[in-house]
Amino acid sequence: MAQMTMIQAITDALRTELRNDPDVLVFGEDVGLNGGVFRATEGLQTEFGEDRVFDTPLAESGIGGLAVGLSLQGFRPVPEIQFFGFVYEVMDSISGQAARLRYRTGGKFNAPITFRSPFGGGVHTPDMHADSLEGLMAQQPGVKVVIPSTPYDAKGLLISSIRDNDPVIFLEHMKLYRSFRQEVPEEAYTIPLGKAEVKREGTDVSIITYGAMVHESLKAAEELEKEGFSAEVIDLRTVSPIDIETIVASVEKTGRAIVVQEAQKQAGIAANVVAEINDRVILSLEAPVLRVAAPDTVFAFPQAEAAWLPNYKDVIETAKKVLTF
Amino acid sequence: MVSKTQNAKFDAKKTLEVVEEQFQTLQILNEAGEVINEAAMPDLSDEQLQELMRRMVYSRILDQRSISLNRQGRLGFYAPTAGQEASQLASQFALEKEDFILPGYRDVPQIIWHGLPLYQAFLWSRGHLEGGQIPDGVNIAIPQIIIGAQYVQTAGVALGMKKRGAKSVAITYTGDGGTSQGDFYEGMNFAGAYKAPAIFIAQNNRFAISTPVEKQSAAKTLAQKAVAAGIPGIQVDGMDALAVYAATRDARERAINGEGPTFIETLTYRYGPHTMAGDDPTRYRTADLDNEWEKKDPLVRFRKFLEKKGLWTEEKENEVIEQAKEDIKEAIKKADAAPKQKVTDLMSIMYEEMPQNLKEQYEIYKEKESK
């Protein structure tokens with residue numbers, strides 16, 4: 001097995017699927033010769049040719065429309081939206097078109113598109129690059145929204161996303177691209193969409209999270225351990241649909257839960273998780289379910305970014321509120 | 001290579017005027033049904049000419065019946081088509097079965113003639129999911145509601161055909177208002193950059209709901225918008241079936257020969273309201289303008305042309321009208337027999353496999369529906 005960063009695992013997944021299925025096409029702004037602005041598609045055009053891996057004109061709506069049109073011809077498109085803040089330019093193609101193709105045609109057609117895109121704070125990008133917009137996408141029936149937190153998960157989830165016959169938004173946290181390496185099998189493997197993973201087992205409180213916040217939560221869990229609290233950390237991995245079964249099993253065990261997201265409090269997945277817990281296991285709760293999230297401003301200017309983004313200290317503080325309720 | 005201007009006063013206005021002068025309207029049949037442009041005459045047999053007339057008459061009747069069915073509450077969303085028959089049907093007539101149509105919501109006649117059963121068009125209008133279940137081998141998309149979205153998708157369908165090595169084209173339709181959308185340009189620009197086999201049509205019926213084309217753009221013609229995408233653009237008399245056919249056939253040939261996309265502006269007019277949902281054209285159009293355009297009527301003109309050639313009679317026309325009425329009656333009957341639409345049906349067509357949240361909700365609605 002090779003040690004890979006998340007970006008290498010993503011490239012590896014793309015290569016695996018380009019080899020596996022001749023209908024897989026990878027395209028977007030600068031993904032060809034340049035290998036993408038983060039090098040996610042490094043070497044793929046050389047290996048698979050310009051017919052399979054190609055640059056597009058600089059227009060996100062056009063990229064989305066191209067993907068929908070290619071699906072109508074039986075292809076399995078994997079377009080890249082260069083930064084997810086640019087998604088507003090392609091919202092119609094995703095939410096208005098791809099998400100509804102199966103529905104609109106009474107199940108006759110489908111759009112097996114995987115929209116890959118980097119997002120996430122902590123890397124001092126200009127405006128409209130770092131926003132966590134997964135909550136926005138999760139509100140659209142017809143798409144699935146996937147956010148990996150590790151290189152291993154990234155490869156398995158991306159392969160599953162590409163093979164899925166419905167549109168998937170696959171969001172890659174920029175801070176995780178090269179932050180650490182992990183053993184990643186060289187062969188193809190899949191991780192089911194819609195399935196969370198318990199990244200750390202515990203008995204006192206459930207910390208439900210995803211993306212970069214998985215790592216802040218794991219760090220918080222370690223600190224809490226030193227103080228005698230056993231925290232369970234659940235990585236949702238797919239934020240739409242969410243894995244209610246895993247959440248419910250954990251909360252029934254711990255009786256306490258917090259939900260951690262990098263997105264603003266008003267913008268998120270967390271509210272949905274809290275609502276699902278209330279719907280299903282409220283009588284198992286020893287304390288209210290609290291949220292850790294960024295404040296409800298537009299994504300922070302880089303000078304305030306570090307203070308704006310939630311971190312492990314916020315997770316500890318909120319977990320303690322619940323633990324000592 | 002772009003040549004540089006030397007020793008000449010720079011005239012920015014001239015650069016535009018030179019472009020605009022290029023865009024003359026292609027007409028083959030004048031209003032009297034006379035061929036005024038023999039050189040551009042398309043190669044159509046007598047049978048083909050008759051078939052094209054048959055389709056235009058049929059679609060005019062379909063439009064009249066659809067309006068009345070809508071008024072009776074027996075049809076849902078409907079965008080009238082009378083006046084646009086040449087623009088719609090002569091362009092579709094230039095296609096082959098393997099070509100793929102991406103229509104706007106007024107372009108239902110084209111997809112019917114491309115193979116969508118009439119009862120399904122009615123079900124689509126009523127908002128029944130079976131309306132969208134396009135039969136195998138019928139190469140169409142469901143009419144697009146978002147103005148311009150079909151243009152960017154057309155680039156994708158066309159690129160897909162090119163990748164498959166298919167000798168076919170993707171064709172799409174929008175209106176004059178649609179040419180103001182960003183997607184209009186993005187679609188043509190993508191298809192141009194990839195030399196994809198696409199035909200982009202803008203049916204310029206002069207009004208986007210109520211907004212006149214003069215308020216859509218400073219461009220003198222819509223056809224010239226193709227220049228910016230680097231693809232051929234042509235303006236045709238959209239009330240002249242032969243001109244529309246010739247331009248589309250020509251575009252198709254270039255496309256399948258690997259020469260890339262073409263943009264066609266058809267000058268036409270919709271006699272009716274924008275849709276049957278309360279639009280009142282008298283608020284934004286004068287009777288004079290309506291009369292002026294009705295004189296250009298595509299059926300009248302083509303009928304005169306065919307009658308002179310001895311290819312059309314009143315008897316023939318009545319046969320088509322009766323046939324259309326009969327088909328419509330049958331299609332409505334078939335549409336009426338479609339199963340009652342259930343919420344659980346909608347749930348089952350969201351994804352290949354229902355996710356947990358829908359599965360739970362499915363059970364709840366199944367229970368409700370069983371009562």
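Atoms considered below: every heavy atom in the structure, side chains included; atoms not considered: hydrogens, waters and symmetry mates. Below, read A as the first sequence line, B as the second, and so on, with proteins coming before strands; counting in each chain starts at 1.
In this structure, no portion of I145(B) lies under 4.5 Å from any heavy atom of chain A. Contacts between F100(B) and chain A at a heavy-atom distance below 4.5 Å involve the side chain alone, from C-beta outward. When heavy atoms are compared at a cutoff of 4.5 Å, Q181(B) does not approach chain A at all. Using a 4.5 Å cut-off between heavy atoms, D136(B) contacts chain A through both its backbone and its side chain. For a residue to count as touching a neighbouring chain, one of its non-hydrogen atoms must lie under 4.5 Å from one of that chain's; by this rule E186(B) touches chain A with the side chain only. Only the backbone of I140(B) comes within contact range of chain A, with heavy atoms under 4.5 Å apart. Proximity to chain A (any heavy atom under 4.5 Å) is shown, for Y151(B), by neither the backbone nor the side chain. Contacts of Q144(B) with chain A are made by side-chain atoms alone, with heavy-atom separations under 4.5 Å and no backbone atom involved. Contact of L101(A) with chain B is not made at all, since no heavy-atom distance falls under 4.5 Å. Of the two parts of A155(B), the backbone and the side chain both hold a non-hydrogen atom closer than 4.5 Å to a non-hydrogen atom of chain A. The contact between T56(A) and chain B is made by backbone and side chain atoms together, counting heavy-atom distances below 4.5 Å.
For the set L159(B), L129(B), N357(B), I142(B), the count of heavy-atom pairs under 4.5 angstrom toward chain A peaks at L159(B). Ranked by heavy-atom pairs shorter than 4.5 Å toward chain B, the options P241(A), G194(A), S93(A), A59(A) are led by A59(A). Interface check for chain A: of the options M350(B), H128(B), E353(B), the most heavy-atom pairs under 4.5 Å are formed by M350(B). The most heavy-atom pairs under 4.5 Å with chain B, out of D23(A), I242(A), D243(A), L193(A), come from D23(A). The choice from G131(B), G182(B), G160(B) that makes the most heavy-atom pairs within less than 4.5 Å of chain A is G160(B). Comparing I146(B), N189(B), D183(B), L102(B) by how many heavy-atom pairs each has under 4.5 Å with chain A, the most go to I146(B). Contact count versus chain A (heavy atoms, under 4.5 Å) is highest, among A149(B), A193(B), P135(B), for A149(B). Most heavy-atom pairs under 4.5 Å with chain B: of the set E276(A), R100(A), R104(A), Q97(A), this distinction falls to Q97(A). Put simply, of M161(B), Q153(B), E130(B), the one with the most heavy-atom pairs under 4.5 Å next to chain A is Q153(B). Counting heavy-atom pairs closer than 4.5 Å to chain B, the top-ranked of the candidates P141(A), G142(A), G64(A) is G142(A).
A distance-only check finds a donor-acceptor pair linking the side chain of R164(B) to the backbone of Q73(A) [under 3.5 Å]. Under the 3.5 Å distance criterion, the side-chain polar atoms of N110(A) are left unmatched by any main-chain donor or acceptor of E352(B). The backbone N or O of G106(A) lies less than 3.5 Å from a partner atom in the side chain of Q133(B), making a donor-acceptor pair.
In this structure, the side chains of N165(A) and Y351(B) stay at 4.5 Å or more apart for every pair of heavy atoms. Looking only at side-chain heavy atoms (C-beta outward), L70(A) and V157(B) stay at 4.5 Å or farther from each other.
E245(A) and Q356(B) share no side-chain donor-acceptor pair at under 3.5 Å.
Taking the ring centre of F54(A) as origin, the terminal cationic atom of K163(B) falls inside the region bounded by 6.0 Å and 45° from the ring axis.
More than 12 heavy atoms of other shown residues, nucleotides or ligands fall within 6.0 angstrom of atom CD in E96(B). For Q341(B), the CD atom sits in a packed shell: over 12 heavy atoms of surrounding residues, nucleotides or ligands are nearer than 6.0 Å. Within a 6.0 Å sphere centred on NZ of K253(A), heavy atoms belonging to other residues, nucleotides or ligands number more than 12. Summarising the local packing, CZ of F27(A) is surrounded by more than 12 heavy atoms from other residues, nucleotides or ligands at distances under 6.0 Å.
Of the charged side-chain nitrogens involved, at least one lies within less than 4.0 Å of a carboxylate oxygen, so that E360(B) and R280(A) count as a salt-bridged pair. K162(B) has no carboxylate O lying under 4.0 Å from a charged side-chain N of D51(A), or vice versa, which leaves the two without a salt bridge.
The minimum heavy-atom distance linking I134(B) with F109(A) is given by the pair CD1-CE1, 3.7 Å.
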